[in-house]
Number of protein chains: 2
Amino acid sequence: MTNLITTFSALADETRFYLVEQLMTQGELPAGDLVAQRPISGPAVSRHLKILRQAGVVQQRIDGTRRLYSVRPESLKAISDWTIEKRAFWQAGLDRLETLLDEEQNT
Amino acid sequence: MTNLITTFSALADETRFYLVEQLMTQGELPAGDLVAQRPISGPAVSRHLKILRQAGVVQQRIDGTRRLYSVRPESLKAISDWTIEKRAFWQAGLDRLETLLDEEQNT
DNA sequence: GCAATATTTAACAAATATGTTAAATACAAG
DNA sequence: CTTGTATTTAACATATTTGTTAAATATTGC
């Protein structure tokens with residue numbers, strides 16, 4: 001529960017969200033490559049990566065002097081699971097909305 | 001895209017996450033009822049509700065002097081859609097993890 | 001060991017977020 | 001139209017976040 005909030009916090013920042021999307025599409029990448037794709041300094045990216053790591057969204061692997069980052073799939077699954085858990089609620093709501101819109105068209 | 005970040009921001013706070021969960025399980029509720037369930041002041045809750053509304057997570061309906069809040073299902077669906085869009089990535093990752101763990105058991 | 005490279009930590013400034021209490025607003029009821 | 005109730009806005013203090021530059025740390029290759 002509280003863990004989900006931490007995950008949302010981690011993704012609630014443009015830079016971090018972008019880093020995560022990059023890592024998902026490009027796979028494991030060294031910190032330096034991630035820095036190169038963002039308009040902020042290395043230390044800033046480094047701190048964002050630390051926040052993502054502490055939230056369990058990414059993991060780090062050491063290779064010589066480089067730090068290779070990748071997304072932990074479990075974190076994405078946790079979000080997915082939550083939306084599924086609440087699905088009964090929002091699915092019903094959307095269906096009701098759709099019905100209303102359909103009825104409007106038949107006017 | 002940027003809209004998702006706003007949604008995550010809205011849910012990245014204990015109070016707001018709790019408010020949203022309350023509204024999902026209990027349905028539409030007046031601001032006062034929500035205040036009663038939280039250990040913070042009315043104005044604080046009011047401002048959180050405003051943030052949720054600006055992020056499109058909740059909507060407000062006026063009934064006399066009361067403001068009735070409810071969750072907008074579209075916001076939940078947006079999150080769900082994102083996890084589905086990235087599913088190929090994290091599902092594969094989890095399967096690989098599971099395989100690794102299975103192999104470990106057979107050692 | 002020494003220089004070069006990759007990355008993080010430290011120190012600090014500026015912006016943002018969050019909570020509080022007091023005041024404002026809006027409607028309802030007598 | 002005055003009082004009471006529900007809620008939001010204003011003003012303000014404090015804490016957290018985010019970015020910057022400078023320094024520290026660790027590893028590689030001569």
Side-chain angles (χ1 to χ4, degrees), chain A residues 2-23 26-72, chain B residues 1-23 26-72 75:
Chain A
T2 266
N3 197 36
L4 237 198
I5 296 175
T6 306
T7 303
F8 284 145
S9 288
L11 297 172
D13 172 273
E14 201 192 345
T15 299
R16 290 193 296 265
F17 186 82
Y18 182 92
L19 292 175
V20 169
E21 292 236 305
Q22 287 299 303
L23 290 173
Q26 303 183 32
E28 192 181 52
L29 288 176
D33 285 21
L34 292 167
V35 170
Q37 299 181 45
R38 296 268 71 197
I40 57 178
S41 69
V45 171
S46 181
R47 197 135 41 79
H48 280 303
L49 287 169
K50 186 178 188 177
I51 290 166
L52 285 168
R53 191 146 47 90
Q54 286 172 335
V57 175
V58 307
Q59 61 197 146
Q60 190 195 55
R61 189 166 70 86
I62 296 178
D63 169 41
T65 152
R66 296 184 313 166
R67 300 290 179 275
L68 300 168
Y69 287 91
S70 55
V71 174
R72 290 188 58 218
Chain B
M1 280 295 173
T2 266
N3 197 36
L4 236 198
I5 296 174
T6 306
T7 303
F8 285 146
S9 288
L11 296 172
D13 172 274
E14 200 193 345
T15 298
R16 292 194 295 267
F17 185 82
Y18 182 92
L19 291 174
V20 169
E21 292 236 305
Q22 287 298 304
L23 290 173
Q26 303 183 32
E28 192 181 51
L29 287 177
D33 285 22
L34 292 167
V35 170
Q37 299 182 47
R38 297 266 71 197
I40 58 177
S41 69
V45 171
S46 181
R47 197 135 41 80
H48 280 302
L49 287 169
K50 187 177 187 177
I51 290 167
L52 285 169
R53 191 146 48 91
Q54 287 174 333
V57 176
V58 307
Q59 62 197 147
Q60 190 194 54
R61 188 167 69 86
I62 296 178
D63 170 40
T65 153
R66 297 184 311 169
R67 301 290 181 273
L68 300 168
Y69 287 91
S70 55
V71 174
R72 290 188 59 219
S75 62

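What's counted below: heavy atoms across the whole structure, side chains too, no hydrogens, waters or symmetry copies. Residue numbers begin at 1 in each chain, while the letters A, B, ... track the order of the sequences. Given the structure is predicted, the values throughout are model-derived calculations rather than measurements.
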Next on the checklist: Whether B:Y69 contacts D:dA6 is assessed here as follows: a side-chain N or O lying under 4.0 Å from the phosphate OP1 or OP2. Is that the case?
Outcome noted: no
Checklist outcome for this item: Per atom distances to the B:Q60 side chain, the nearest of D:dT8, D:dG19, C:dG19 is D:dT8
Checklist entry - Can you check whether A:H48 has a side-chain N or O nearer than 4.0 Å to OP1 or OP2 of D:dT17? => result no
Checklist entry - When A:H48 is tested against each of A:R16, A:R53, A:E14, A:R38 for side chain to side chain donor-acceptor pair (under 3.5 Å), which residue passes? => result A:R16
Item to check | B:T65 side chain near C:dC27 phosphate (N/O to OP1/OP2, under 4.0 Å) | outcome: no
Checklist outcome for this item: Closest to the side chain of B:R66, out of D:dA6, C:dT7, D:dT18, is D:dA6
Item to check | Whole angstrom value for the distance that separates P of D:dT8 from CD of B:Q54 | outcome: 12 Å
Checklist entry - Between D:dT18, C:dT7, D:dT20, which nucleotide gets closest to the side-chain atoms of A:D13? => result D:dT18
Checklist outcome for this item: A:L34 CG to C:dT8 C1', in whole Å, measures 15 Å
Checklist entry - Between C:dT7 atom C1' and A:L49 atom CG, what is the distance in whole Å? => result 10 Å
Checklist entry - What integer distance in Å separates B:E14:CD from C:dA17:P? => result 18 Å
Item to check | Rounded distance in Å - CD1 (A:I40) to C1' (D:dT20) | outcome: 11 Å
Checklist entry - Considering all heavy atoms of both residues, which atom of A:R72 and which atom of A:G56 are nearest to each other, and what is their separation? => result NH1-O, 3.3 Å
Next on the checklist: Without decimals, in angstroms, what is the distance between B:R53 CZ and D:dT9 P?
Outcome noted: 8 Å
Checklist entry - How is A:R16 classified with respect to the nucleic acid when contacts are heavy atoms under 4.0 Å: base, sugar-phosphate, or nothing? => result sugar-phosphate
Checklist entry - Can you say whether the rings of A:F8 and B:F8 are parallel (under 30°), tilted (30 to 60°) or perpendicular (over 60°)? => result parallel
Checklist entry - To the nearest angstrom, how far is A:D63 atom CG from C:dT5 atom P? => result 17 Å
Next on the checklist: What's B:A44 touching, base or sugar-phosphate or nothing? Going by heavy atoms closer than 4.0 Å.
Outcome noted: base
Next on the checklist: Just the rounded figure in Å: distance from P of C:dT5 to CG of A:D33.
Outcome noted: 16 Å
Checklist entry - Do you know the tightest heavy-atom contact between A:V57 and A:A10? => result CG2-CB, 4.0 Å
Item to check | A:L68 and A:Q60, any side-chain heavy atoms less than 4.5 Å apart | outcome: no
Checklist outcome for this item: Per nearest nucleotide of DNA chain D, the residue lying toward the 5' end, A:R67 or B:P30, is B:P30
Checklist entry - Using a cut-off of less than 4.0 Å, is there contact between a side-chain N or O of A:K50 and OP1 or OP2 of C:dT9? => result yes
Checklist entry - Among C:dT18, C:dA11, C:dT21, which is the nearest nucleotide to the side chain of B:R47? => result C:dT18
Checklist entry - For B:S9 and C:dT16, is the shortest distance between a side-chain N/O and OP1 or OP2 below 4.0 Å? => result no
